[in-house]
Each structure stands twice: as structure tokens, then as C-alpha cells.
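Structure, as C-alpha cells:
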Amino acid sequence: MPVLDDNHVQRRLDEALAHRDSVSPEKLIRGLMGTFDLTVDGPDEFTFPAKETTARERIFGGQVIAQALVAADHTVDDEKSIHSLHSYFLRAGDETKPLHFRVHRDFDGRSISNRRVVVRQDEKVIFNLTASFQKAAEGLAHQTDLPDLLLPEDCVGDMEAIARNPQIADENIKRMSNPWPFEMRRHREKDGSSGSRQYEWLKAVAPLPDDPLMHRAALGFASDMGLLSTSMIPHNLHWSTPGMFSTSLDHAMWFHDDFRVDEWFVYVMDCDWTGHARGLNRGTIYTQDGRMIASAVQEGMIRFNRPTQQT
């Protein structure tokens, strides 16, 4: 593997930071909030318009998770909040085409409501989600303590990680450092070790409205970032390794408590199993003061075709 000298890394880092900072934090958060602003298109039907772009980019999975969550919430009584979701990615979405969300009201009880959301593009189902909402209630309570982790300021920033990664070519630095609505700082266990843990500290780059739904949707958005790559750690591989292909197959989340995504939270991830071109990954999300606020599980496809050695 090639080694980048310090001067080369610094040039790449300067380019990455300049590209990331080309959009103000407030504009990035307005864009994130706009992503959750669905248009009512009929009874229990919503749409999200196509992006005005000439590039045919795949829709980020976290975006569709968050939007389907919001669509489901729009059909539930205000006194109930989402506590779990289960979803499947069926086809890749296209940013240049509108998304259509159809909500099915499967159940409404005194304390629990259940919704199914079917997302279509070009009349084809690309994603579906089942979500459960609960009226606030008191009950037994305990949690696993926050592990002993490095603080955000002691972890590697996402732009520095990109700049130091020799598997990312110079010409791809801008593409990999596109402006993002979350500040992210990462720590990964040593590749190839017996462990398979990594964690990410995240915080929205600017304040969000006080609406709890917006914070839950934003957490759903962020929860699809990095989780699948955990299954590559024991194999000494990375999402940018030549020959690596990965994509999410399903995604589940449980929301445990109230929180704000414009304050630091940490996404602690591990993987117990890979096999048959799949990897199963778990994530637990804590606030900086140690409250467990959410859990996630994701299975994804991971295929590695080792590049042919040139002689």
C-alpha cells in the first residue's frame, strides 16, 4: 500500500477542508430540514421532488430512512412518538427523480400505533419501512453504561481520515469531502485485530429546531453512515479498498430517549459475524453524558474481489 508523506497529506487535507467549508453550516442544516419537508400528495401519500442536478447519484440510504419516518409520523397522533423502525433497501434510488411515499395505517391502539411506508420511484418499490409509535409511559428502566471511549477532540476528524487514506486517489478528494450536515470524528480498532469495534462522534454543524421529530429523523439519517463498514475491520479491509463493494440490505432502529443531534453523541459499532457475502452490524448511540438514546442493527452485502496482481 502506498504511503503518503506529511506534505502530501496536508495538501489533501487543505483541499478537503476548503471543499467542505464551501457551504455554510446554516445552509447545510436548512438543506437537511428541507429533505424532511415532504409534499402532501393525497390521503396518506407524500412526495419528495427530484434534485436539480445533472449528476445521476444514488440516494443516500439514511435520507430515505428519515423521510419514510417523517411520512409515517405525519399520520400518527401527536401524543405518540416513534420508538422503532424496520426497513429494507430493495433498489437504488436516483436523486434526479421524485420519490413517492405511501403510508399504510396498519394499527392504532390506545398506546401503540403501527405504520408501513412503501417508497416508489418510476412506479417501482425501492424501499419499505415499518414503524411503531408509542404514547409516553413510565416503566422499569436500566441501560448498559457508555464504554470508555476517546473524547471527540481526541479522535480523527473525517476530513483528516480522508486525507490520510492512501486508497483514496487525489482526484477523488473533493468527491469524498462533499459538505455534510454533521461534524464527524472517528476511532477505529486496528484493522485485522480480533476486535471489530469502531465509533463515531457526531454533531449537527448548526442548531436544529426544537421539534423532537426533526432530531429523530436526523438521527435516522446519520445512522446509515459507517455502520456497514464495521464488518470489514476483522478482514483488514475498508470501504475504499480497491475491489470492495458494499451496500445496505436492511436497517432497524430503536429510539430509547429524547436527545438533540446538535449536541455531541457517539455511535458505538461492532460486528459479530460475516459470511455468504453479508455482514451483520450493531450500533449503540449515547449522548456525551452517557445516556443511551438509540440502538441500530444493519445487515449489508459485502463483496471483495481481490485485484489481480500485475506482473
Side-chain angles (χ1 to χ4, degrees), residues 25-41 44-49 51 59-89 93 95 98-103 113-119 126-134 136 179-184 200 202-227 248 250-265 267 283 285 287 293-298:
E26 292 76 17
K27 186 174 182 179
L28 287 171
I29 295 304
R30 287 197 300 270
L32 180 64
M33 295 298 96
T35 299
F36 307 150
D37 186 13
L38 306 180
T39 300
V40 178
D41 199 33
D44 297 342
E45 298 196 26
F46 307 87
T47 58
F48 183 72
K51 286 190 175 181
I59 295 175
F60 172 53
Q63 172 189 320
V64 188
I65 291 170
Q67 290 174 322
L69 185 165
V70 170
D73 185 271
H74 286 338
T75 70
V76 176
D77 293 341
D78 290 343
E79 62 184 359
K80 294 175 182 175
S81 298
I82 189 165
H83 71 88
S84 70
L85 65 84
H86 302 261
S87 61
Y88 282 91
F89 299 94
E95 286 191 337
L99 291 167
H100 178 263
F101 300 79
R102 176 71 168 92
V103 181
S113 289
N114 190 278
R115 296 292 186 264
R116 277 183 301 125
V117 185
V118 179
V119 185
I126 67 165
F127 177 85
N128 58 48
L129 173 144
T130 301
S132 185
F133 298 77
Q134 182 191 22
W180 180 251
F182 288 91
E183 182 179 354
M184 184 183 303
E200 300 172 345
L202 299 108
K203 180 177 69 171
V205 295
L208 271 68
D210 290 336
D211 184 355
L213 173 61
M214 294 296 97
H215 290 265
R216 284 174 166 79
L219 186 64
F221 181 95
S223 69
D224 192 38
M225 175 58 68
L227 185 54
S248 302
D250 60 20
H251 191 94
M253 288 190 73
W254 295 263
F255 298 87
H256 309 314
D257 204 349
D258 293 330
F259 56 87
R260 296 191 65 92
V261 297
D262 46 17
E263 299 173 353
W264 281 115
F265 61 94
Y267 198 2
I285 305 173
T287 59
I293 56 173
S295 300
V297 176
Q298 183 181 81

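A quick note: this is a predicted structure, and the numbers were derived from the prediction, not measured. Excluded from the calculations below are hydrogen atoms, water molecules and symmetry mates; all remaining heavy atoms, backbone and side chain alike, are included.
Note on ring orientation: taking the six-membered ring where Trp is involved, the planes of Phe259 and Phe255 are parallel (angle under 30°, cut-offs 30° and 60°). Note: Phe182 and Phe265 have perpendicular aromatic rings, judged against thresholds of 30 and 60 degrees for the angle between ring planes.
Side-chain contact between Phe60 and Glu95: absent, with no pair of heavy atoms (C-beta onward) separated by less than 4.5 Å. Residues Ile65 and Phe127 have side chains in contact (heavy-atom distance under 4.5 Å, counting atoms from C-beta outward). The shortest distance between side-chain heavy atoms of Asp250 and His86 does not fall below 4.5 Å. Counting only heavy atoms from C-beta outward, the side chains of Glu263 and Thr287 never approach each other to under 4.5 Å.
Of the charged side-chain nitrogens involved, none lies within less than 4.0 Å of a carboxylate oxygen, so that Asp73 and Lys80 do not count as a salt-bridged pair. A salt bridge does not link Asp211 to Arg216: none of the charged nitrogens lies less than 4.0 Å from a carboxylate oxygen.
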Is there a side-chain hydrogen bond (donor to acceptor under 3.5 Å, both in side chains) between Gln63 and Thr35? Walk through the geometry before answering.
CA-CA 8 Å; Gln63 172 189 320; Thr35 299; 5.4 Å; no
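Partner of Val261 under the side chain to side chain contact (heavy atoms under 4.5 Å, CB included) criterion, out of Leu219, Leu202, Leu32: Leu219 alone.
What you find for Ala222 and Tyr267 is that their closest heavy atoms are O-CE2, 4.3 Å.
Under the 3.5 Å distance criterion, with hydrogens and angles disregarded, a donor-acceptor pair is assigned to the side chains of His83 and Ser132.
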